[in-house]
Amino acid sequence: MTWRVEIDRDVCIGSGMCAGMAPAVFALENERSRAVAEEIDPQEAALDAADSCPALAITLLDEDGEVVGPRP
């Protein structure tokens with residue numbers, strides 16, 4: 001199972017929280033977040049980063065396209 005990482009760079013405010021919480025998944029580029037890889041193995045750090053994004057710019061989707069993060 002893998003998760004797809006989507007970041008709305010138009011919404012991202014570049015706080016860097018995601019890159020700090022999950023540096024293997026997120027990086028800052030031109031003052032905005034980007035995914036290091038489009039697909040990742042499921043991991044709590046990525047979920048925590050999606051949950052903590054102040055702009056709610058991060059979405060994690062499972063293989064069926066169901067949203068797994070941010071959590072409600």
Side-chain angles (χ1 to χ4, degrees):
M1 173 196 280
T2 59
W3 289 346
R4 189 171 73 239
V5 180
E6 294 181 352
I7 300 170
D8 186 336
R9 290 178 54 92
D10 292 329
V11 173
C12 177
I13 61 172
S15 73
M17 290 179 65
C18 57
M21 296 177 84
V25 179
F26 304 100
L28 289 181
E29 180 178 276
N30 298 323
E31 300 180 8
R32 299 288 186 262
S33 180
R34 69 166 179 83
V36 173
E38 189 174 308
E39 292 188 353
I40 62 169
D41 291 328
Q43 55 185 278
E44 191 67 24
L47 278 173
D48 290 343
D51 292 344
S52 300
C53 177
L56 299 175
I58 299 168
T59 305
L60 302 172
L61 303 143
D62 67 14
E63 291 174 334
D64 296 323
E66 298 292 320
V67 174
V68 293
R71 294 170 276 205

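Just so we're clear, the structure is a prediction, and the values are computed from it rather than from any experiment.
- Other members of the cluster containing Ile13 do not exist, because no ILVMFWY side chain is joined to it at under 4.5 Å.
- In this structure, Asp62 and Trp3 approach most closely via the heavy-atom pair CA-CD1, 3.9 Å.
- The shortest non-hydrogen separation linking Ala19 to Ala27 is CB-CA, 4.2 Å.
- In this structure, the separation between CG on Asp8 and OG1 on Thr59 is 8.0 Å, given to the nearest 0.5 Å.
- Scanning for salt bridge (charged side-chain N to carboxylate O under 4.0 Å, His left out) contacts around Arg4 gives Glu6, with sequence neighbours left out.
- With values rounded to the nearest 0.5 angstrom, Glu39 atom CD is found 12.0 Å from Met1 atom CE.
- Residues passing the side chain to side chain contact (heavy atoms under 4.5 Å, CB included) test with Cys53, sequence neighbours excluded: Ala55, Ala57, Ile58.
- Counting all heavy atoms, side chain and backbone alike, Phe26 lies closest to Ala49 at CE1-CB, 3.6 Å.
- Transitive grouping of hydrophobic side chains (ILVMFWY, heavy atoms separated by less than 4.5 Å) keeps Leu28 and Ile7 in distinct clusters.
- Sorted by first and then second residue, the pairs that involve residues 63-72 and meet side chain to side chain donor-acceptor pair (under 3.5 Å), not counting sequence neighbours, are Glu44-Arg71, Asp48-Arg71, Asp51-Arg71.
- Scanning both residues, Pro23 and Val36, for their nearest heavy atoms gives O-CG2, 4.0 Å.
- Within the structure, every pair that satisfies the salt bridge (charged side-chain N to carboxylate O under 4.0 Å, His left out) test and touches residues 20-29, not counting sequence neighbours, is listed here: Glu29-Arg34.
- No chain of hydrophobic side-chain contacts below 4.5 Å, direct or via other Ile, Leu, Val, Met, Phe, Trp or Tyr residues, connects Met21 to Leu60.
- When hydrophobic side chains of Ile, Leu, Val, Met, Phe, Trp and Tyr are connected at separations under 4.5 Å, Leu61 ends up clustered with Val67.
- Once rounded to the nearest 0.5 Å, the distance linking CG of Asp41 with OG1 of Thr2 reads 7.5 Å.
- Between Pro70 and Ala50, the closest heavy-atom pair is CB-O, 3.5 Å.
- Summarising the geometry of Ala22 relative to Ala46, their closest heavy-atom pair is CB-N, 4.2 Å, with the distance given to 0.1 Å.
- Side-chain atoms of Asn30 do not come within 3.5 Å of backbone N or O of Arg32 as any donor-acceptor pair.
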